[in-house]
Trainee: 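One structure is given below, represented as structure tokens, and several questions about it will come after.
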Protein chains: 2
Amino acid sequence: MAPAISFGPMENSIGFLLRIAQLTVSEATFAELNRRDVPIGEFTILLSVDLNPGIRQGVLADRLRIKWSSMTKLVRSLEERGLVVRQVPPDDRRAIALSITDEGHARVESHKALVLGAIERSVPTLNEQEKQILLGLLRKVAGWPPL
Amino acid sequence: MAPAISFGPMENSIGFLLRIAQLTVSEATFAELNRRDVPIGEFTILLSVDLNPGIRQGVLADRLRIKWSSMTKLVRSLEERGLVVRQVPPDDRRAIALSITDEGHARVESHKALVLGAIERSVPTLNEQEKQILLGLLRKVAGWPPL
DNA sequence: TATTGTTATACTCTATAACTATA
DNA sequence: TATAGTTATAGAGTATAACAATA
């Protein structure tokens, strides 16, 4: 697991280490959740819609760093399965406002503990204090306000 | 840029923030390097081979978190363009040892400053001390030894 | 003219698995 | 039997651009 090899100046690169760390964590998370048929990307969208009823599709795409063309497909799929509702808001008829259905909400609730637990367990090498520091720094990198 | 919307418990998730931060940084880096026709993934492999002559293809794939089947294509492409050499080591004839060519080395040297500069500029929201702390925590997450 | 969302194409990388050559 | 690498197929997501509807 350790880099028996050298990456020279790249080892001081935030971008490079972010990539390696992100893949390390997501592979672990994905392995656990995939076994139980819980698609984490889909869960994230459902949770976001649940917490932010009426959110516009494009805004959600931007925040989650998903391309608009990808978000169209994802949301359409969720709508077809009765998990979200797409509505044209009267004040701007170009837009799509998303809201959760009862079934979508139930899905979020039933998966929440599993997903959050898997994510938590996927970073076993940091203690609580280190995790809080890391979260704060990652928020800064992402351009998010402090908690 | 700020999350005017709430992600609830996901905002405390290292895995989620790692993904957002990584995409934020890589989009900025990619935008700058792509304009100058410098593929960063390819540069990383060339640099690694340059710094670790004779490294096995599979070992490099594992360290860079690239799948073996993807690495095969990437390395073959680099070989076709005369940037790396693939050799079967006598002690294990299943393996492939990689080494850089003069042309590959020249490519690394000519791109090094550009790539590292772009990566550095892609994290404008952190000061030097914060970057060092973040690097250390990311190394821990990735399972790498401390610097 | 600009914005929101859709559609389409080409491309990259992954997930999976079967396959070979060698150990 | 296990390991290093290759090949093939299906799928997800991106990059790009053109497009319709609305602002």
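Chain A is the first sequence line, chain B the second, and so forth, proteins listed ahead of strands; every chain is numbered from 1. Side chains included, hydrogens not; waters and symmetry mates left out as well; all remaining heavy atoms used.
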Trainee: Whether B:Lys67 contacts C:dA15 is assessed here as follows: a side-chain N or O lying under 4.0 Å from the phosphate OP1 or OP2. Is that the case?
Mentor: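 Yes, within the criterion.
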Trainee: At less than 4.0 Å, is any side-chain N or O atom of A:Thr72 found next to OP1 or OP2 of C:dG5? Yes or no.
Mentor: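 Answer is no, no contact under 4.0 Å.
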Trainee: Can you measure B:Ile45 atom CD1 to C:dT12 atom P for me and round it to whole angstrom units?
Mentor: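 After rounding, the reported distance stands at 13 Å.
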Trainee: So how far is it from B:Glu32 CD to B:Glu27 CD, rounded to the nearest 0.5 Å?
Mentor: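 Separation between the atoms: 14.5 Å.
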Trainee: Tell me the interatomic distance from A:Leu23, atom CG, to C:dA15, atom C1', rounded to whole angstroms.
Mentor: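 My rounded result for the distance is 14 Å.
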Trainee: How far does CG of B:Leu64 sit from OG of B:Ser70, to the nearest 0.5 angstrom?
Mentor: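 The OG atom of B:Ser70 is 12.0 Å from CG of B:Leu64, to the nearest 0.5 Å.
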Trainee: Expressed in angstrom and rounded to an integer, what is the separation of A:Lys73 atom NZ from C:dG5 atom C1'?
Mentor: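 Answer to the nearest Å: 14 Å.
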Trainee: Looking at A:Asp50 and A:Leu46, would you say the former's side chain and the latter's main chain have a donor-acceptor pair under 3.5 Å?
Mentor: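 No: the side chain of A:Asp50 does not pair with the backbone of A:Leu46.
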Trainee: Looking at B:Arg65, I'd like to know whether one of its side-chain N or O atoms comes within less than 4.0 Å of OP1 or OP2 on C:dT14.
Mentor: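 Result: no.
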Trainee: Indicate whether the side chain of B:Arg76 and that of B:Thr72 have a donor and an acceptor atom separated by less than 3.5 Å.
Mentor: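 Judged by distance alone, the side chains do not pair up.
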Trainee: 5'-most contact on DNA chain C: A:Glu27 or A:Gln57, nearest heavy atom basis?
Mentor: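 By nearest-heavy-atom nucleotide position, the 5'-most residue is A:Gln57.
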Trainee: Would you jot down, in residue-number order, the residues of residues 85-100 of chain A having a non-hydrogen atom under 4.0 Å from DNA chain C?
Mentor: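 Per residue number, the list reads A:Arg86, A:Arg94, A:Ala95, A:Ile96.
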Trainee: Measure CD1/A:Ile55 against P/C:dG5 and give the value in whole Å, please.
Mentor: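 In whole Å, C:dG5 P and A:Ile55 CD1 are 10 Å from each other.
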Trainee: Which whole-number value in Å describes the distance from A:Glu42 CD to D:dG11 C1'?
Mentor: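 Going from A:Glu42 (CD) to D:dG11 (C1'), I get 14 Å.
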Trainee: Output the rounded distance in Å from CG (A:Leu74) to P (C:dG5).
Mentor: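 It works out to 14 Å between those atoms.
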Trainee: Say you draw a straight line from CD of A:Gln132 to CG of A:Leu137; how long is it, rounded to the nearest 0.5 Å?
Mentor: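 Between atom CD of A:Gln132 and atom CG of A:Leu137 there are 11.5 Å.
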Trainee: Could you work out, with side chain to side chain donor-acceptor pair (under 3.5 Å) as the rule, every residue matching A:Asp92, not counting sequence neighbours?
Mentor: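 So A:Asp92 forms a side chain to side chain donor-acceptor pair (under 3.5 Å) with A:Arg94.
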Trainee: I need the CD-P distance between B:Gln22 and C:dC13, as an integer number of Å.
Mentor: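 Whole-Å distance recorded here is 13 Å.
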Trainee: Find the distance A:Met71:CE to D:dA12:P and express it as a whole number of Å.
Mentor: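 After rounding, the reported distance stands at 16 Å.
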Trainee: Could you pull out the closest heavy-atom pair between A:Arg63 and A:Trp144, with the gap in Å?
Mentor: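 Looks like O-CZ2, 4.3 Å.
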